[in-house]
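Report on one structure; see the data block that follows.
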Amino acid sequence: MIVIGAGLVGSAAAWHCARAGASVLIAEAGHPNIGASGQNAGSLHFQIERRFLENGERLAEEAARITAISRIAIADWAGLETALGEDLHVRRDGGLMVAETAAEVALLERKVAREQAAGLGTRLLDGDEARRIAPYLAEGIAAAGFLADEGHADPRAVTPAFVRAAERAGATLRTETEAVAIARQGGGFAVTLRHTGREETIRAARLLIAAGAWSPQVAMLANLHLPLFPVALTMNATERVAPLLPHLVQHVGRRLSMKQTHAGNILIGGGWPSRLRRGTGGAFDPALRPEPIETSRTENLRAAAATVPAVADMNLLRSWTGVTAITADQLPLVGEVPRMPGLFVAAGGSAFTLGPTFARLVARQMLEQDRAEADEALAMLSPARFEHLNGFMG
Amino acid sequence: MTRRIEQGVERGSRITIFVDGAPVAAFAGETLATALIASGRIAFRRDGRAALRGLFCNMGTCSECFVQTAVPGRAPRRLRACLTPVADGMAIETGAGPDG
């Protein structure tokens with residue numbers, strides 16, 4: 001098997017495949033964890049994301065289906081540090097999604113009702129109840145959805161741990177190794193890899209594209225469309241402070257996520273944009289570091305201070321930008337491409353929180369082990385829903 | 001030994017700041033970093049492993065030069081010494097200790 005991309009999902013899938021006995025090669029164009037896997041702020045968020053709520057009820061209803069995957073991911077994260085034998089700074093003291101205005105409270109109530117119907121253990125708290133659990137919250141917080149399973153982990157630790165586990169299980173990692181051609185051969189693929197100018201063609205029965213925002217370009221080598229679009233985000237870190245914020249904090253009406261790292265820094269993000277840069281061909285190039293947008297930083301910090309007033313007194317240590325990818329319908333893209341049996345993809349956002357689960361399930365599909373169960377769990381994320389785009393491709 | 005340029009320089013008024021409790025002479029218009037370095041103090045803080053840290057970028061980016069305010073009765077705050085102008089009577093702590 002060949003896995004393209006040594007991010008969280010690729011290295012985790014390689015681990016699962018290698019320890020099941022498969023011969024696995026991971027081809028990484030740069031170095032492990034350099035993309036969204038290592039650039040995100042490490043939220044383990046299982047409540048329905050704000051981005052699914054801000055575009056009307058119909059999308060929210062559809063997106064609520066992702067809670068089925070979230071429930072599996074909650075169980076996967078619970079065993080991850082033990083399975084990998086490493087400290088990933090996984091902390092799951094719960095997460096609060098807060099609301100301030102009456103409209104936000106109403107939105108939160110509908111969201112929590114949806115989650116409860118889907119079997120998530122979210123509880124609706126009023127402002128005072130929320131402040132009893134989270135005394136750092138502002139007086140203006142009128143309600144919160146609390147989910148005990150939420151928390152955070154260290155993005156700088158998780159992918160390297162998966163890479164090491166994959167290598168221990170027998171997988172081979174090639175860094176600075178770019179896929180430059182993919183051809184169908186027999187029932188499988190002939191993948192040409194380029195490293196320091198030298199090309200080598202390797203046969204594989206199964207191919208997994210787990211290259212994050214680069215995935216569409218990799219799929220082009222197989223003459224396939226993947227409807228993934230790069231998006232550039234902004235994250236911020238404060239100085240280290242004494243333990244203040246044990247939870248993940250999000251906001252139902254504002255773009256905000258907050259958590260305190262093991263070292264003590266408060267990480268502040270929540271989906272504020274930065275500006276994608278274009279490559280020489282004119283298309284967005286995810287390899288170029290996006291340009292910061294000043295108002296993203298100021299509005300993000302304003303939302304943080306309005307929610308957790310103590311951060312107003314903290315020094316901002318740094319802000320950074322990173323690239324992830326979203327699909328045309330906002331749901332991730334995980335599974336086999338019907339047009340090209342044997343070619344799998346796992347990309348498309350939420351892949352820190354849900355990445356270990358995407359990897360485990362797509363590995364089941366690739367290995368043909370408990371495949372029906374994996375197919376069912378991933379059905380809503382299957383590339384089959386975009387098959388019309390590949391009607392003239394392949 | 002002074003580290004300040006003495007010839008052809010106009011300075012603000014002479015003031016006193018307090019560093020780890022000790023009076024340190026400075027001039028209005030200088031930054032805390034300037035006053036600390038001029039007084040021979042190159043260690044500004046200790047990091048999470050208790051190692052000494054000091055001025056690095058001198059332009060507000062790296063945050064290596066954090067010092068703490070020492071105002072009686074108020075919680076200490078971290079300041080970037082390289083961006084913070086001195087003020088008469090200002091009191092800061094470096095945490096650097098006797099080996100700093």
Side-chain angles (χ1 to χ4, degrees), chain A residues 39 41-42 87-89 91 135-136 138 152-157 234-246 258-269 274 289-294 296-298 300-301 304-305 308-322, chain B residues 17-20 26 30-37 41-87 89-97 100:
Chain A
Q39 292 170 337
D87 184 357
L88 310 174
H89 295 150
R91 183 141 185 200
Y136 51 79
H152 52 92
D154 184 355
R156 291 176 300 181
T234 306
M235 281 70 58
N236 307 280
T238 73
E239 61 186 318
R240 286 182 288 123
V241 294
L244 166 75
L245 196 71
M258 300 176 72
K259 68 194 67 77
Q260 188 166 17
T261 66
H262 179 74
N265 312 84
I266 305 234
L267 303 186
I268 301 169
S274 51
R289 177 74 73 177
E291 293 170 37
I293 296 176
E294 183 56 31
S296 282
R297 175 163 50 224
T298 52
N300 198 176
L301 298 179
V308 180
V311 301
D313 285 331
M314 295 175 195
N315 286 289
L316 178 67
L317 209 56
R318 66 181 67 89
S319 302
W320 73 97
T321 62
Chain B
I17 63 170
F18 296 89
V19 179
D20 301 329
E30 292 179 341
T31 65
L32 267 173
T34 299
L36 286 165
I37 297 279
R41 291 169 171 81
I42 60 166
F44 286 25
R45 67 181 180 99
R46 287 183 187 275
D47 68 15
R49 297 179 187 84
L52 296 170
R53 312 294 294 188
L55 190 67
F56 182 65
C57 77
N58 198 24
M59 59 183 206
T61 298
C62 73
S63 298
E64 289 288 4
C65 68
F66 274 141
V67 296
Q68 297 218 351
T69 57
V71 182
R74 293 178 62 176
R77 287 190 59 177
R78 289 196 188 95
L79 303 172
R80 288 168 170 85
C82 69
L83 295 182
T84 308
V86 292
M90 183 182 244
I92 56 129
E93 297 280 344
T94 65

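For clarity, every value in this text was computed on a predicted model and none was experimentally measured. Proteins come first, then strands; the chains are lettered A, B, ... in the order of their sequence lines, and each starts at number 1.
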(message) Check this for me: B:Phe56, atom CZ, are more than 12 non-hydrogen atoms of other residues, nucleotides or ligands nearer than 6.0 Å?
(response) no

(request) Heavy atoms only: give me the nearest A:Asn315-B:Arg80 pair and the separation to one decimal. (result) OD1-NH1, 3.3 Å

(message) Quick check on A:Arg240 against chain B: is it the side chain, the backbone, both or neither that has a heavy atom closer than 4.5 Å?
(response) both

(request) Please state whether the side chain, the backbone, both or neither of B:Arg77 comes within less than 4.5 Å of a heavy atom of chain A. (result) side chain

